Structure formats: C-alpha cells, structure tokens
Number of protein chains: 2
Amino acid sequence: MEISERKYKILEAIIRNYLETGEPVGSRTISKYTDLNLSSATIRNEMSDLEELGLILQPHTSAGRIPSDQGYRLYVDHMMATRSMELDERAKELEDMKTFLTDKVDKVEELLQNVAKLLASNTNYASVVSTPKLSTNKLKFIQLTKVEPTKLLTVIVLDRNVIRNRIIELDQELSDDVVLKMNLMLNTALNGLSLEQMNLSLVSALRAQAGEYEGIINTIIDTIAQVIAGEDNLKIYTSGATNIFKYPELSDSTKASELINTLEEKQVLSNFIVNSLDSEESSETHDGIQVYIGNENSISTMQDCSVVTATYDLGEGMRGAIGIIGPKRMDYEKVVDSIKSLKSQLGSVLTDSKEPPK
Amino acid sequence: MEISERKYKILEAIIRNYLETGEPVGSRTISKYTDLNLSSATIRNEMSDLEELGLILQPHTSAGRIPSDQGYRLYVDHMMATRSMELDERAKELEDMKTFLTDKVDKVEELLQNVAKLLASNTNYASVVSTPKLSTNKLKFIQLTKVEPTKLLTVIVLDRNVIRNRIIELDQELSDDVVLKMNLMLNTALNGLSLEQMNLSLVSALRAQAGEYEGIINTIIDTIAQVIAGEDNLKIYTSGATNIFKYPELSDSTKASELINTLEEKQVLSNFIVNSLDSEESSETHDGIQVYIGNENSISTMQDCSVVTATYDLGEGMRGAIGIIGPKRMDYEKVVDSIKSLKSQLGSVLTDSKEPPK
DNA sequence: GTTAGCACTCATTTCATCCGAGTGCTAACA
DNA sequence: TGTTAGCACTCGGATGAAATGAGTGCTAAC
C-alpha cells in the first residue's frame, strides 16, 4: 500500500496530538484538529490503513491510536528532510545561550555542566554532554618541578593548552641540577609529538641518555602516556534526570529508577557516546544529528525512550557529543533545533576561548 | 509519665520491626516478637502510654503503631550512648574497604566518588561525600611558564600538594627573562603564606617592585587569591540516588523527583554540609556523628528522610563530610557503623598518600 | 469516495460489600 | 495492683458488579 499525502497528514496530526497529550487519539479528534474537513468515519478508514502499514497502533480495541516506532521514524525523517534550513527565528534565544555559556565560566568542566543544565531546562528532558575526545593529542611541553625531596610535580601541557598534572614519587632524591637536565632532555625529545609518535626507538634513546636515572625517565614517560591516553576517557555530564517524572509513561517506579541509574552511572552512556562518535564519522545523516527512537538505541534501560544526539566539533579531530533523552513522544522539532544550535554554539565558544577572537 | 525499662523495650521492638517491614506494627506481633512474655492486651496498654508520650503514633484507628520522630530520636540516642565501643567485629569488612579505596585511584576526585559509591552500595541508601574544606590554605609555591606569546601558564601548589593551574591571558608579550624574574619575585614574597597573610602592604611592595609589569603582577595575585578561595567551594559527590526507590514511603513520583533533584543539584547539599562542618566544631556529639531525623534537617525536600553525617579529618584544619540520606526507618545501627568506619578509613587513606607510610 | 448511523468493545470509574488486622474497654483473675 | 481474656467497634483495603463513555468497525446510503 502506498502512503498518500492525506494519510501522512493524518499520521502527522496523530503524532502531534499524541506528543502533547500522551493519550491515544481518536478519529473524532483528528476530524476536528486538521483542516482536512473529513468526517471521523473517513478518518477511521484511513487510520485502519495506517495501522495496517504499521505506522500507528491501538493499545487495545476501543482505544484511540498511538504512533508506532515506525510512525515516529517516518515523521522524524520527514521533518529532518524538510525543515533543516529554518533556524533563524531562534536567533535571540541563541544569543542568550551564548552569554550564559561564556559568562563566568573558567573551566571547561563547568562549561559543559552548564551546557547540560541549559539543555535540560530548555527542553524538559534529560540531557547528556561529553567532554571532547581528543583523537590525536600532542605534547606541547612538559615541566618537572621538585615539590618535596622525593616528589616530582609533573605538569603536562597538551595541544590546545589542555593541562594535567601528576605527582611522581621517587625512590631516590634528585638534585635541582638533575631535574633541570631532565626537563631539557624530555622537552627536546618529545615536544610536539603525539602518543603514536613516541615510539620505542625514541624512548630507548632517551633512556640511554638518562644513564643512572633511567628508572625515573621510565616513570615519567609512563605518566605522560597515561595522561594522554587518559584524555580518551570521556567525562560525562548529565542534567535534568528528574525531568522524566514529567512523563507518566516513564515515571513508574522501576523504569524511572533504572533510567536515572543509567544516567547516574554514566558508564553505559559513555560507551554509547563513543560508539556514536565513531559511527557518525561514516554515516553523516542530517546535519550530524542522530535520532534513536525506542529500541533503535542499544541501551536496555532506555528502550522506552528516544535519544537525540549530535556531535560538536572543535576542529583538529576533537569531537564531543551532546544528547537528549526523553520519552518517545518527544517534541522532536524543538529538541533537534535546540541541539542543533547548541552544537554550533559550543563549537564556537570552545574554539574562541582557545584562539584570539575574530 | 516516666518511661520504664519495659516501655523502652516495647518501643525498641516496634522500631526494629518497623525498620524491617515498613508496616505499622500491632500489639500481637510485639507480644510474640519480644521475650517479655506479655499478652497482646498488656502490650496494648503500654502502647497506649507510649502514644501518649508521643513516641509512637497510629496512621489511623485500627492500624498498628509506627515510631514518631521523637521515638526514633530516643532510640538513636540510646543506641549511640550504649554501643559506641563495639566496632571490632567489622574488621574484615573494613579491610575490603581499604583495598577498594586505594585500588587504582590516582586522583582525590575519583577516590571520593568511589567512597560515595561504596557507601551507597553498602547501605542501600543515597550517599553524599564532600571534598575537604581547607580552612587555612598556604601557598607552597607558584610557577609561571609561557605557553604562547601572550599566555602564561600559572601552576599554583598549595599545602599538601594541592595543585591548580590557570592560564592567564596577557595584553603584552613577555620575554623569557621577565617571566623568570617574576617567578623568583613571587616565590620569594609569597611562599608559605596563607591568603590572610598576603596583606595589602605585601602586595603593594610587590607591585612597586614589578615596575612596568604591575598590571601583570596584579592579575597573577588575583588568580592566586581566586584559586585559594576557590578551594572553599566544596565539591559534592553523590551516589545511589536510585536507592530511594527501594522504600515505598519515598518513592512516590513527586517526592522521589524532588529528592533526586536535590541530590543532582548539589547546591543545597553543599550549604547543608558547610553548616554541618561549622556547627560540629562546637557540638561534638557522638564520635562526631550527627543524626537528623525527619524535619530535624533543614532541607525541605528531605523532611521525610533521615540524614546521618560525619566529618572526616585530615588534620591541619582540613575537614570534609560524608553522609547518608534515607528513609526515617533507616537501619541506624548499620549506617552509623558504616559511616564511622569510613570516616576513619578516609582520614587515614588520604593522609597516608600525602605522607610517608608509617 | 465520503458519510451517517449503529452495534459492539473494553478500560475506567463508581459504588456497595466484605474482610480482617488492630484497637479500646470492661470484667475477671492472680 | 498488674495482667489477661473477651468482645464490640473502627476503618483501610480488597473484591466484584454495574455504569460510563470514548472509540472502533461495519454497513448502507449519498
């Protein structure tokens, strides 16, 4: 069976109505709600067809219809295809965002937490934001300082001024001289290199050079490797978990508990996001926005939810993700808009703060 | 009316039973549950008295009794007074904790998050852990490094090797020489000082010394001040928020939502903890453990909860808090034990890692 | 192809009834 | 005087029957 223009309009009307109310919608409602000027009986016939097509379904006889996952899918695809251009009327709102984002934030950490909050309160769903994943980190420079006789403070500065520090415990005492020499040695050898570029031959050359301090050099190199690698571990910020209580279909005790737990634990989310980051590279769908309806996402505790994700891009392979988790009857339009704008905002805010403003 | 030994035993029996079941408990149950060998009728008489004393109450006629807040209070006070000594039989459990805590943790942040997790999963309630609040931070040393022509990396090391870094943007370019000189100047002037000790005269002397770089010195001193002050902002880690769904009296949609929201937002908790840290200095109650039953705590969304908190002490005025939030029918004994042991564990773990092991 | 009409379905609401856990009180007992 | 048995009473919760009404599918007419 072909899906006619009229059928789609009816489907859309059903979905729109259901998004608002969360209640199954009947033929009479549609008959009035649309400008199709059709009687409820006609609508019923069409609905019967739509049901046969698998786009809507009845919770039980004598109830109205609700959209099926396929129905949502058709609706979302259609929406994404038609209205991908019209983002301008939200300009003011965006300005607010920008000031909110840049206002009094001095750490990326806080910034991202704020983004999550913003997104959650804007949409009334739960939100997720990840730190950017740095695909190829380069060492900008490294600095060793003695803080105590047997403790070495290691400050490691990566590309884009990402700074990390570790304290290294030594089993022997070092003179200031030696520390200075090591600083020089390490910086000369390693600066500007990514983790992959610090290959074995380089390292063994360094070791040889270090002489009796070989052990310490080893420890330091290990530390650097750990730090760079550690940046691969996404950090996840969530917000608005309690928004799910606004949607009865998600707020029964067990479902809500599982869902909030997933948001709290973050590990599962992290995996999901990593996948999403990787997979998106290939399947560039609609402006880099992906919509997972119901069981289209792989997280078991979220089978009753829809998830909308986007990646933000900071250039040079640094990409993170932002996402929304809500009920299947989500206001996809609004969410997609919000995410879309935030995606670009975030890209520019984070990039601006690293480079001179244009 | 005086509360006799027997009355207390009955009260205790009621509470114990209610902690387990969450159901109002009747006279017949008590008659069998205790070894008092009294008929249900006698118990009823006593219960009537206990109710008159305000220690228990009836949800409605023809229901059993449940403990009132006052009842819990009496029970908790009694418990704290009698059994404060017997902590030894938990020794094994503690060992597990210790390894769990020290295992693969390299940052205090992660450690504290783990503590929260541990506490939550041990008790089946929600847990809160704060970072230690440093009452008097001293500057150990400061180090400036040029990372880009107009960007200065400032590494600030405080007492106990707390390390913070900031990037300072400059409006002029500095030569390596000048940076070196500034390093020396700042360190000579400020090392070992607390924020209070960096008084105005000291700062203006520094400024004078800086000559044309006065502006930069100002910025740097501001940054230092900010960092030290910033350490006052407790960070709060929570875990096990979803445990509250295990207790029907807390898991109705609105209550749960509000409660979890409070845990998620953290701001309210932070205030509460700061208060608790301050107030505890004066009122050293039972081993530094405080129990707030029902509306004894000031947080509106937690009026149906009990909160048990303790402070952990790292010496030299560094104190943080750990806490448990659960239903009023909380297993106070177990919670108090868990918190008590964790309190000391935490003190020693965090202290060990800063000092040579004994 | 559209619509009016009608019989039918079934979740939800309402209402009355029943059940039983638990109480308070009284009277008898040790 | 304290304890206990007995009994009438209360009231929340469970059970089930009946009423309600939103919504459908089908048929027949337009």
Side-chain angles (χ1 to χ4, degrees), chain A residues 1-11 13-18 20-68 71 248-249 252, chain B residues 1-11 13-18 20-68 71 248-249 252:
Chain A
M1 197 185 326
E2 197 54 36
I3 177 162
S4 65
E5 176 74 5
R6 194 172 77 175
K7 278 192 174 49
Y8 182 76
K9 275 198 176 153
I10 291 172
L11 172 65
I14 293 173
I15 293 183
R16 283 263 162 74
N17 194 284
Y18 184 68
E20 277 177 33
T21 64
E23 299 286 309
V25 358
S27 54
R28 225 175 99 74
T29 312
I30 299 298
S31 163
K32 286 184 289 182
Y33 189 74
T34 60
D35 49 0
L36 291 169
N37 278 67
L38 292 174
S39 78
S40 60
T42 312
I43 303 288
R44 275 204 291 285
N45 289 332
E46 294 286 48
M47 278 168 124
S48 172
D49 290 354
L50 285 170
E51 182 161 10
E52 206 174 317
L53 285 163
L55 297 172
I56 57 179
L57 42 84
Q58 269 182 301
H60 56 85
T61 349
S62 91
R65 307 304 217 287
I66 63 175
S68 71
E249 65 266 45
D252 86 89
Chain B
M1 197 182 327
E2 196 54 36
I3 177 163
S4 64
E5 176 74 5
R6 193 172 78 175
K7 279 193 174 49
Y8 182 77
K9 275 195 177 156
I10 291 172
L11 172 64
I14 293 173
I15 294 183
R16 284 260 162 75
N17 194 285
Y18 185 68
E20 277 177 33
T21 64
E23 300 285 310
V25 0
S27 55
R28 226 175 96 76
T29 313
I30 299 297
S31 162
K32 286 183 290 183
Y33 189 75
T34 60
D35 49 0
L36 291 169
N37 278 67
L38 292 173
S39 78
S40 59
T42 312
I43 304 288
R44 275 202 291 283
N45 289 332
E46 294 287 48
M47 278 168 123
S48 175
D49 291 352
L50 285 170
E51 183 161 7
E52 206 174 317
L53 285 164
L55 297 171
I56 57 178
L57 43 85
Q58 268 181 300
H60 56 85
T61 350
S62 91
R65 305 304 215 290
I66 63 175
S68 71
E249 65 266 45
D252 87 89

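This structure is a prediction, so every number in the text was calculated from the model and none was measured. All chains are named by letter (A, B, ...) in the order of the sequence lines, taking the proteins before the strands, and each is independently numbered beginning at 1.
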If you compare all heavy atoms of B:Leu57 against all heavy atoms of B:Glu51, which two are closest, and at what distance to 0.1 Å? CA-OE2, 4.2 Å

To the nearest Å, how far apart are [X] [atom1] and [N] [atom2]?
X	N	atom1	atom2	value
B:Glu51	C:dC25	CD	P	11 Å
B:Leu38	D:dT4	CG	C1'	10 Å
A:Ile10	C:dG1	CD1	P	14 Å
A:Leu57	D:dG23	CG	P	16 Å
A:Met47	C:dT2	CE	P	16 Å
A:Arg44	C:dA7	CZ	P	15 Å
B:Ile14	C:dG22	CD1	C1'	13 Å
B:Asn45	D:dT3	CG	P	9 Å

Within a 6.0 Å radius of atom NZ on B:Lys7, are there more than 12 heavy atoms belonging to other residues, nucleotides or ligands? yes

Roughly how far, to the nearest 0.5 Å, is OG1 of B:Thr42 from CD1 of B:Ile30? 13.0 Å

At under 4.0 Å between heavy atoms, what does B:Ser27 touch on the DNA or RNA strands: base, sugar-phosphate, or nothing? sugar-phosphate

Remember a base hit wins even if backbone is also touched, and classify B:Ser48 as base, sugar-phosphate or nothing at under 4.0 Å, heavy atoms. nothing

Base-pairing mate for [N] - Watson-Crick or G-U, with both contacts under 3.5 Å:
N	result
C:dA28	D:dT3
D:dA22	C:dT9
D:dC30	C:dG1
C:dG20	D:dC11

Listed in order of residue number, which residues of residues 58-65 of chain A have a non-hydrogen atom at under 4.0 Å from DNA chain C? A:His60, A:Thr61, A:Ser62

Using heavy atoms to find the nearest nucleotide of DNA chain D for A:Arg28 and B:Ser39 separately, return the residue whose nucleotide is more 5′. B:Ser39

Nearest-nucleotide comparison on DNA chain D, the residue closer to the 5′ end among B:Asn37 and A:Val25: B:Asn37

Hey, are B:Arg44 and B:Ser27 close enough side-chain-wise for a donor-acceptor pair under 3.5 Å? yes

For A:Arg6 and C:dT2, is the shortest distance between a side-chain N/O and OP1 or OP2 below 4.0 Å? yes

If you only use heavy atoms from C-beta on, which nucleotide in D:dT4, C:dG24, D:dT3 is closest to the side chain of B:Ala41? D:dT4

